[in-house]
Number of protein chains: 2
Amino acid sequence: MFSKACEYGIKAAIFIAKNSYEGKRVNPKEISEEINSPQAFTAKILQSLVRHNVINSVKGAYGGFEIEKDSIPYIKLSQIVNAIDGDSIYKGCGLGLETCNEEHPCPVHDKFKEIRNNLRDMLETTTLEELALNLKNGNAFLKVI
Amino acid sequence: MFSKACEYGIKAAIFIAKNSYEGKRVNPKEISEEINSPQAFTAKILQSLVRHNVINSVKGAYGGFEIEKDSIPYIKLSQIVNAIDGDSIYKGCGLGLETCNEEHPCPVHDKFKEIRNNLRDMLETTTLEELALNLKNGNAFLKVI
DNA sequence: TATAAATAGGACAATTTTATCTTAATTAAA
DNA sequence: TTTAATTAAGATAAAATTGTCCTATTTATA
Ligand code: FES
Ligand code: FES
């Protein structure tokens with residue numbers, strides 16, 4: 001469904017949000033240990049999330065990644081997915097036609113469109129806040145061990 | 001959502017079904033032209049669909065790929081997706097945890113499960129027959145040109 | 001039985017995605 | 001102002017996916 005990069009990006013954002021609620025900045029090492037991902041690759045994805053204004057980075061000593069507390073409830077899962085995987089999951093044809101077009105639909109268009117719209121609605125209404133709270137409350141986990 | 005191989009496989013199966021209704025076998029050249037896909041790669045995917053009993057192949061002169069007419073209404077989109085992409089789309093965790101587990105859910109589990117179930121229902125209730133009819137009736141297309 | 005037409009299959013190549021490594025730039029604090 | 005800690009960025013490598021090519025095998029028909 002999502003790329004590995006996107007999976008890591010989502011998990012990282014949730015972990016950063018949780019720590020930001022506690023006033024703590026985190027670095028790629030902590031993050032990759034906590035979400036069970038390759039560190040350097042994760043760092044690249046974090047850079048991308050910074051460029052897309054999903055998270056903030058603070059360079060230098062005592063720096064790290066954080067998210068402004070007040071903005072966490074307004075960050076949608078869709079922003080993260082869009083930043084990393086682009087919008088093909090929202091707009092693309094299920095069978096890979098160059099464009100999904102009502103006037104020139106592929107054979108699965110009607111069926112696929114519904115699924116895709118469900119997915120889009122979910123991503124656009126799910127906030128980083130609720131995901132981070134799932135984690136904080138111990139109701140959800142970012143890795144298996 | 002689906003791999004390229006899976007997109008090609010679905011389109012190929014739809015085209016083969018349409019032709020089988022007309023009593024015609026088709027070969028990888030015709031198929032790849034009709035669905036706008038690389039011929040040799042498409043041939044590999046067809047082999048896979050044969051091994052998974054989704055389509056039949058007839059070797060030798062006057063051979064080609066076909067689907068028994070009577071079975072077309074019973075072939076589900078899910079069989080094709082499963083044959084090529086496996087079952088991760090039905091069962092896998094949205095954030096890539098080794099297994100999706102109610103007892104040890106990831107933060108998006110509840111939200112993702114619903115989408116995944118919608119998708120599974122769609123794939124399991126959509127038949128090759130209806131997709132091939134969309135094509136035959138001119139209500140849907142397998143390529144843009 | 002020989003031939004031509006077709007799928008099957010293996011080896012290889014190109015591209016994309018995932019992952020690593022090294023160095024540069026930045027910054028707080030000693 | 002120096003140092004240590006930290007993110008940014010570029011080059012490279014590994015792995016997976018996508019795509020190509022060549023040969024073997026099968027089979028209907030002349
Ligand atoms: S044209 Fe394929 S999903 Fe719309
Ligand atoms: S554990 Fe992630 S979707 Fe179920």
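Chain naming here is simple, since letters A, B, ... match the order of the sequence lines and numbering starts at 1 in each. What you see below is based on every heavy atom in this structure, not just the backbone, and it leaves out hydrogens, waters and symmetry mates.
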Discussion item. Could you tell me how far apart B:N56 (CG) and D:dT27 (P) are, to the nearest whole angstrom?
Written reply: 14 Å

Worksheet entry | Nucleotide of D:dT7, D:dT18, C:dT7 approaching B:S3 most closely (side-chain heavy atoms) | D:dT18

Worksheet item: Within this structure, what is the CD1-to-C1' distance between B:I31 and D:dG19, rounded to whole angstrom?
Response: 17 Å

Discussion item. Between P on C:dT18 and CD1 on A:I35, what's the gap in Å once rounded to a whole number?
Written reply: 14 Å

Worksheet entry | A:T42 side chain to A:S37 side chain, donor-acceptor N/O pair below 3.5 angstrom | yes

Could you go through residues 43-72 of chain B and list every donor-acceptor pair under 3.5 Å that involves a side-chain atom there, pairing it with any protein atom two or more places apart or in another chain?
residue	atom	partner	partner atom	Å
B:H52	ND1	B:S48	O	2.9
B:E66	OE1	B:R25	NE	2.9
B:S71	OG	B:E68	O	2.9

Discussion item. With a 4.5 Å cut-off on side-chain heavy atoms, are B:M1 and A:F112 touching?
Written reply: yes

Discussion item. In this structure, how many angstroms lie between the C1' atom of C:dT7 and the CD atom of B:E30, rounded?
Written reply: 14 Å

Discussion item. If I take atom CG in residue B:N36 and atom C1' in nucleotide D:dG19, what distance separates them, rounded to the nearest angstrom?
Written reply: 14 Å

Worksheet, complete the sentence: Rounding to 0.5 Å, atoms CG (A:N118) and CG (B:N117) come to a distance of 11.5 Å

Worksheet item: So, the side chain of A:S3 versus the backbone of A:C6: is there a donor-acceptor pair under 3.5 Å, distance only?
Response: yes

Item to complete: Give every residue pair that meets the salt bridge (Lys or Arg N to Asp or Glu O under 4.0 Å) criterion with at least one member in residues 97-106 of chain B, sequence neighbours excluded.
Response: B:E102-B:K113

Discussion item. Going by ring-ring contact (aromatic ring centres under 6.0 Å, His included), name the pairs with one or both residues in residues 114-145 of chain B, residues two or more places apart or in two chains.
Written reply: A:H104-B:F141

Worksheet item: In residues 6-25 of chain A, which residues come under 4.0 Å of DNA chain C by heavy atom?
Response: A:Y8

Worksheet item: In Å, rounded to the nearest 0.5 Å, how long is the span from CD1 of B:I14 to CD of B:E129?
Response: 13.0 Å

Worksheet item: Would a 4.5 Å heavy-atom cut-off, applied to side chains only, mark A:M122 and B:K111 as touching?
Response: yes

Discussion item. Salt bridge (Lys or Arg N to Asp or Glu O under 4.0 Å), that's the test. Do B:K29 and B:E33 meet it? Break it down for me.
Written reply: CA-CA 6 Å; B:K29 183 161 183 290; B:E33 279 167 0; 3.3 Å; yes

Practice prompt. Tell me whether the OP1 or OP2 atom of C:dA6 has a side-chain N or O from B:S57 closer than 4.0 Å.
Written response: no

Worksheet item: Could you state the NZ-P distance from A:K59 to C:dA29, rounded to the nearest angstrom?
Response: 18 Å

Fill in: Nucleotide of D:dG19, C:dT7, D:dT6 approaching B:K4 most closely (side-chain heavy atoms)
D:dG19

Practice prompt. Quickly work out the A:F2 CZ to C:dT17 P distance and round it to whole Å.
Written response: 16 Å

Fill in: Near-strand residues of residues 41-52 of chain A, defined as heavy-atom separation under 4.0 angstrom from DNA chain C
A:F41, A:K44

Worksheet item: Which residues in residues 60-68 of chain A have at least one heavy atom lying under 4.0 Å from any atom of DNA chain C?
Response: A:G60, A:A61, A:Y62

Fill in: Side chain to side chain, B:N36 and B:L142, heavy atoms closer than 4.5 Å
no

